[in-house]
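The structure under discussion appears below in the form of C-alpha cells.
Counting convention: from 1, in listed order, for ligands and their atoms alike. In this chain, numbering begins with 1 at the start of the sequence shown.
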Amino acid sequence: MADLSTHYLGLELKNPLIAGSSGLSRTVKGVKDLEDNGAGAVVLKSIFEEEIVYEYEDVLKEASEEGVNLDQFDYYDYQIKDEKLTKYTRLISECKSGVSIPVIASINCVYSHEWIAFAKKLQDAGADALELNMFFLPSDFDRTTEEKERAYFQIIEKVQHIVSIPIALKISYYFSNLGPMIQQLSESGVAGLVLFNRFYNPDIDIDKLEVISSNVFSNPSDLHMSLRWIAIMAERVSCDLAASTGVHDGNALIKQILAGANAVQVVSSLYQNGKGQIKTMLDTLEEWMAGKGFNRLSDFRGKMSQAKSSNPAAYERVQFMRYFGGVN
Ligand SMILES: Cc1cc2nc3c(=O)[nH]c(=O)nc-3n(C[C@H](O)[C@H](O)[C@H](O)COP(=O)(O)O)c2cc1C
C-alpha cells in the first residue's frame, strides 16, 4: 500500500486531503464524521473577527497600551459575546479529545487589533494550528495598495507574537502583483499559505430585481486558478502550500500534488457528493500511484511545478494565441 502521509504546517498528516473550513466542520460530530471518512486533517468553520469581542476593559487597556486611538472603538460592538467564543474554544477542545487527526482553528479577519489576543485562547484550547482567512475586497477607494498589503504583514506579525502554534494564511488572488506578494507572505514567518479562498458572490434576479447570492459551491473548472499558482509558486516559497478551490475528485487531488501542494483542501465536493467522497478521492490517488510505481507523495510532489515541468511557459500562457482542441 502506498504511503499517503504528508507534512503540512509542521504537522504529520496521514494523507494530504484536508476538509477545508465550512459548515461541515462546525460541530464535533461533523469533525468526527470527516475523520471517520478518512480526512487527513480538518479546518474548523471560521470564527469571524466581528464575533470576537472581549471584556470591554481588557480591550481598552490593551488598545491604549498599543497607542490605538480609542475613538475608533465606537465602530465595534463590544458587548460581551462570551458565549460564542466559549462555544468555539469548547469545539476545539472537544474535537481534540474526540479525534486523532490535526484540528486547525480558523479566524476570518480584516483588521489587526481587535481580536488578536483571542488567538491565544484557540491555542490554549488545543488547536494544532491556526488558519487566518484574511481578505478585504479591493473596492475600498480610501486605502492605497501599499496600505492594504501592509495590513497582511501587520496582522501576521501580531498573531505570531501571541501564539506559538503554526499559522497558515488563506488568501485570495486579488493582489496587483500576485506572485511576488505570495512569495513575500511566505517569508513572513507563516508556516503555510492556502491558495485560494473562494467568496460569497452576488448575482441579480432579473425577475424580482433583487441582488441574490450566486452559487456558493465551486465547480471542477474552478481548479485552474489554484493549480496554476501552486505550480508557479511551488519552488519559490519559504513555507508549505495547500491548494484550495475546485478540487472535486481524485484526479484534481493528484494534479495539485503534482503541481507542488503539500496538502489539498476540499469543501464543495463534500457537500455535493457526501463525505464518502474523501475515500473515493484517496482511492483514486492510491490507484494512480500504484499504476505509476510511486510509493510516497514525495516521489511525485512538484514533478509538474513550473520549475520542474518540461513546459514551464504553459503556466504563464494567458491568451488564446491559437485555437486548441478543435475549438473554433
Ligand atoms: C458553505 C461554505 C461555508 C464556508 N465557510 C468558510 C469559513 O467559515 N471560513 C473559510 O475560510 N472558508 C469557508 N468556506 C470556503 C471553503 O473553505 C473553501 O475555501 C472554498 O469553498 C473553496 O474550496 P472548494 O472549491 O473545495 O469548495 C466555505 C465554503 C462553503 C461552500
Side-chain angles (χ1 to χ4, degrees), residues 8-9 16-27 30-31 33-34 37 39-52 84-85 87-88 91-92 95 103-110 115 119 122 127 129-137 152 155 159 167-174 190 192-203 213-230 241-257 259 261 263-275 277-278 280-282:
Y8 175 60
L9 310 179
L17 198 157
I18 298 176
S21 178
S22 81
L24 298 175
S25 55
R26 69 164 3 123
T27 62
V31 171
D33 278 357
L34 290 163
N37 279 281
V42 170
V43 185
L44 298 180
K45 171 75 185 161
S46 303
I47 185 156
F48 285 67
E49 176 183 291
E50 52 270 38
E51 296 174 310
I52 302 172
K84 208 153 213 167
L85 305 186
K87 220 173 133 192
Y88 200 71
L91 172 67
I92 296 172
C95 284
V103 173
I104 302 171
S106 167
I107 300 182
N108 194 309
C109 50
V110 180
W115 53 270
L122 306 188
L130 182 60
E131 186 177 281
L132 300 178
N133 170 352
M134 215 183 291
F135 180 62
F136 13 87
L137 191 74
Y152 284 81
I155 291 178
V159 180
I167 300 168
L169 183 67
K170 186 179 189 185
I171 57 170
S172 78
Y173 42 79
Y174 286 103
V190 293
L193 286 167
V194 184
L195 310 181
F196 295 105
N197 203 355
R198 176 181 161 81
F199 301 102
Y200 165 90
N201 284 305
D203 196 357
S213 166
S214 71
N215 195 354
V216 292
F217 299 125
S218 68
N219 59 62
S221 66
D222 292 326
L223 177 76
H224 302 290
M225 192 69 175
S226 58
L227 188 67
R228 177 196 293 260
W229 285 98
I230 292 284
L241 290 177
S244 165
T245 299
V247 180
H248 280 245
D249 57 23
N251 288 358
L253 172 66
I254 294 165
K255 289 176 193 180
Q256 293 286 17
I257 299 168
V264 179
Q265 297 194 2
V266 183
V267 170
S268 294
S269 183
L270 304 186
Y271 273 98
Q272 293 171 325
N273 301 304
K275 292 171 188 158
Q277 180 72 352
I278 297 172
T280 308
M281 291 169 76
L282 292 171

Candidate with minimal heavy-atom separation from atom 10 (C) of ligand 1, of L44, L132, N133, L270: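 Heavy atom nearest to atom 10 (C) of ligand 1 belongs to N133.
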Heavy-atom nearest neighbour of atom 18 (C) of ligand 1 within options K170, E131, Q272, M134: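 The nearest heavy atom belongs to K170.
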In terms of residue, atom name and distance, what is the protein heavy atom nearest to [atom]?
atom: atom 9 (N) of ligand 1; result: S46 OG, 2.6 Å
atom: atom 1 (C) of ligand 1; result: Y271 OH, 3.5 Å
atom: atom 5 (N) of ligand 1; result: K45 NZ, 3.0 Å
atom: atom 20 (C) of ligand 1; result: R198 CB, 3.6 Å
atom: atom 25 (O) of ligand 1; result: S218 OG, 2.5 Å
atom: atom 28 (C) of ligand 1; result: S21 O, 3.4 Å
atom: atom 27 (O) of ligand 1; result: S268 OG, 2.5 Å

Do [X] and [Y] have side-chain heavy atoms sitting under 4.5 Å apart?
X: L169; Y: L132; answer: yes
X: M225; Y: T245; answer: no
X: V194; Y: V43; answer: no
X: H248; Y: L223; answer: no
X: Y8; Y: P16; answer: no
X: Y88; Y: L44; answer: yes
X: W229; Y: F196; answer: yes

Atom indices of ligand 1, in the order listed, that fall short of 4.0 Å to a heavy atom of V266: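 Every atom of ligand 1 under 4.0 Å from some heavy atom of V266: 26 (O).
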For F217, atoms of ligand 1 separated by under 4.0 Å from a heavy atom: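 Answer for ligand 1: 31 (C).
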Closest non-hydrogen atom pair between V247 and L253, with its separation: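 In this case the closest contact between V247 and L253 is CG1-N, 3.9 Å.
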Considering all heavy atoms, the nearest S25-V42 contact: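 Looking at all heavy atoms of both residues, the shortest contact is CB-CG1, 3.6 Å.
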Proximity to ligand 1 by part of V267, non-hydrogen separation under 4.0 Å: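 Within the 4.0 Å criterion, V267 contacts ligand 1 through backbone and side-chain atoms alike.
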Check whether any heavy atom of [X] sits under 4.0 Å from an atom of ligand 1.
X: T245; answer: yes
X: N108; answer: no
X: S269; answer: no

Min N/O separation Q265 to ligand 1 under 3.5 Å: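 No; the residue has no nitrogen or oxygen that sits under 3.5 Å from a nitrogen or oxygen of the ligand.
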Whether Y174 and F135 hold their rings parallel, tilted or perpendicular, with breakpoints at 30° and 60°: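 Ring orientation of Y174 relative to F135: tilted.
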